[in-house]
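Reading through the structure tokens given below for one structure.
Keep in mind the model is a prediction, meaning the values are calculated, not measured. Every number for a ligand or one of its atoms is a count from 1 in the order of the listing. Here, residue 1 is the first one in the sequence, and each next residue gets the next number. Note that these values count all heavy atoms, side chains included, but never hydrogens, waters or copies made by symmetry.
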Amino acid sequence: MASPCRIVVMASGNGSNFQALIDAVHSGSILHTQIVKLFVNKKTAFAIQRAEKVGIPTEYFNMVKEGFVVAGEKDAEKVKDGRARYDAALAQRVLEAKPDLVVLAGWMHIFSVPFLRPLEEAGVKVINLHPALPGKYDGAGAIERQYQDFKDGKLENNRAGLMIHYVIAEVDRGSPILTQEVECREGDELKDLEERIHAAEHELIVKATAKVVGEILARKNL
Ligand SMILES: Nc1nc2c(c(=O)[nH]1)N[C@@H](CN(C=O)c1ccc(C(=O)N[C@@H](CCC(=O)O)C(=O)O)cc1)CN2
Ligand SMILES: NCC(=O)N[C@@H]1O[C@H](COP(=O)([O-])[O-])[C@@H](O)[C@H]1O
């Protein structure tokens with residue numbers, strides 16, 4: 001049998017989707033796979049504690065703390081240059097973990113080409129969990145914007161949603177792997193929609209990761 005599929009997970013916050021992946025690998029819902037490392041860019045990310053509890057190595061790598069961009073820098077060119085150098089350095093650190101797949105599970109930093117190109121050249125796919133349907137509500141704060149449109153009677157079919165997609169330079173516009181609609185109900189508060197979407201996320205990220213892992217393992221066995 002081929003060697004296990006090596007996954008690097010990247011997170012910035014609570015890590016409940018990371019936990020869903022940990023549990024799925026442990027239960028066998030995601031077969032023949034090892035989460036080899038977690039990268040975080042926030043020191044306060046609870047995902048760190050989740051990794052430590054199960055012995056997954058963690059690396060904290062922050063663009064400002066590592067000196068790539070000065071805190072509060074207003075010069076757009078300096079910020080763009082610093083982000084590019086940070087992304088290039090981060091790509092090398094990720095590749096040192098020899099991943100077959102990178103999963104963004106609440107990773108709140110937009111990657112530039114200096115991150116994406118080295119991984120593409122190494123044949124490493126990057127996938128992302130986004131709490132909206134393809135082509136809608138790109139970027140951060142997607143749940144809040146769907147909820148506001150629902151309240152304003154502007155949400156198409158009164159359906160919110162989520163997807164797991166391949167990551168490309170254009171934010172949240174990579175090919176969808178799996179998508180799911182989530183209903184909005186009259187009387188919903190924002191937290192009701194957030195809870196419904198988060199519950200769906202934990203299932204969909206496992207299903208999508210298992211699907212991509214299956215394709216990777218099939219190629220390994222060729
Ligand atoms: N090149 C890509 N990078 C990333 C993608 C992607 O599809 N292409 N997905 C995102 C995840 N994401 C939405 O799914 C997302 C995350 C963060 C942001 C954002 O505006 N980030 C700000 C910083 C916000 C913060 O630090 O709190 C930024 O990077 O300037 C938008 C979309 C992951 N990366
Ligand atoms: N644009 C990306 C984005 O908004 N991602 C969102 O970050 C949260 C991470 O939760 P978690 O840290 O508990 O997994 C999730 O709700 C995910 O959809």
To which protein heavy atom is [atom] closest, and what is the distance rounded to 0.1 Å?
| atom | result |
| --- | --- |
| atom 20 (O) of ligand 1 | Ile110 CD1, 3.8 Å |
| atom 24 (C) of ligand 1 | Met108 O, 3.6 Å |
| atom 1 (N) of ligand 1 | Phe111 O, 2.8 Å |
| atom 34 (N) of ligand 1 | His109 O, 2.8 Å |
| atom 7 (O) of ligand 1 | Asp172 N, 2.8 Å |

Inset, instruction - Examine the proximity of ligand 1 to His165 and report which part, side chain or backbone, both or neither, has a heavy atom under 4.0 Å away. - result: side chain

Does an N or O anywhere in [X] fall below 3.5 Å from an N or O of ligand 1?
| X | answer |
| --- | --- |
| Asn128 | yes |
| Arg83 | yes |
| Leu116 | no |
| Ile168 | yes |
| Pro131 | no |

Inset, instruction - Could you identify which residues cluster with Phe39, counting Ile, Leu, Val, Met, Phe, Trp and Tyr as linked when any side-chain heavy atoms lie under 4.5 Å apart, either directly or through a chain of such contacts? - result: Val8, Met10, Val36, Phe61, Met63, Phe68, Val69, Val79, Tyr86, Leu90, Val94, Leu95, Val102, Leu104, Trp107, Phe111, Phe115, Leu116, Leu119, Val124, Val126, Val167

Contact table ligand 2 N or O to protein N or O, d under 3.5 Å:
{"residue": "ligand 2", "atom": "1 (N)", "partner": "His130", "partner atom": "ND1", "Å": "3.3"}
{"residue": "ligand 2", "atom": "12 (O)", "partner": "Asn14", "partner atom": "N", "Å": "3.4"}
{"residue": "ligand 2", "atom": "12 (O)", "partner": "Gly15", "partner atom": "N", "Å": "2.7"}
{"residue": "ligand 2", "atom": "13 (O)", "partner": "Ser16", "partner atom": "N", "Å": "2.9"}
{"residue": "ligand 2", "atom": "13 (O)", "partner": "Ser16", "partner atom": "OG", "Å": "2.5"}
{"residue": "ligand 2", "atom": "14 (O)", "partner": "Ser16", "partner atom": "N", "Å": "3.3"}
{"residue": "ligand 2", "atom": "14 (O)", "partner": "Asn17", "partner atom": "N", "Å": "3.0"}
{"residue": "ligand 2", "atom": "14 (O)", "partner": "Asn17", "partner atom": "ND2", "Å": "2.8"}
{"residue": "ligand 2", "atom": "16 (O)", "partner": "His198", "partner atom": "ND1", "Å": "3.2"}
{"residue": "ligand 2", "atom": "16 (O)", "partner": "Glu201", "partner atom": "OE1", "Å": "3.1"}
{"residue": "ligand 2", "atom": "16 (O)", "partner": "Glu201", "partner atom": "OE2", "Å": "2.9"}
{"residue": "ligand 2", "atom": "18 (O)", "partner": "Glu201", "partner atom": "OE2", "Å": "2.4"}

Can you list the atoms of ligand 1 that are under 4.0 Å from a heavy atom of [X]?
| X | value |
| --- | --- |
| Ala169 | 1 (N) |
| Val171 | 6 (C), 7 (O), 8 (N), 32 (C) |
| Gly139 | 31 (C), 32 (C) |

Legend entry - Heavy atom of protein inside 4.0 Å of atom 15 (C) of ligand 1, strictly below: no

Legend entry - Ion pair check, Lys136 and Glu156, cut-off under 4.0 Å: yes

Legend entry - Pair Arg196 + Asp188, salt bridge at N-O below 4.0 Å: yes

Inset, instruction - Report yes or no: is the cationic atom of Lys65 (NZ for Lys, CZ for Arg) closer than 6.0 Å to the six-membered ring centre of Tyr60, at no more than 45° off its axis? - result: no

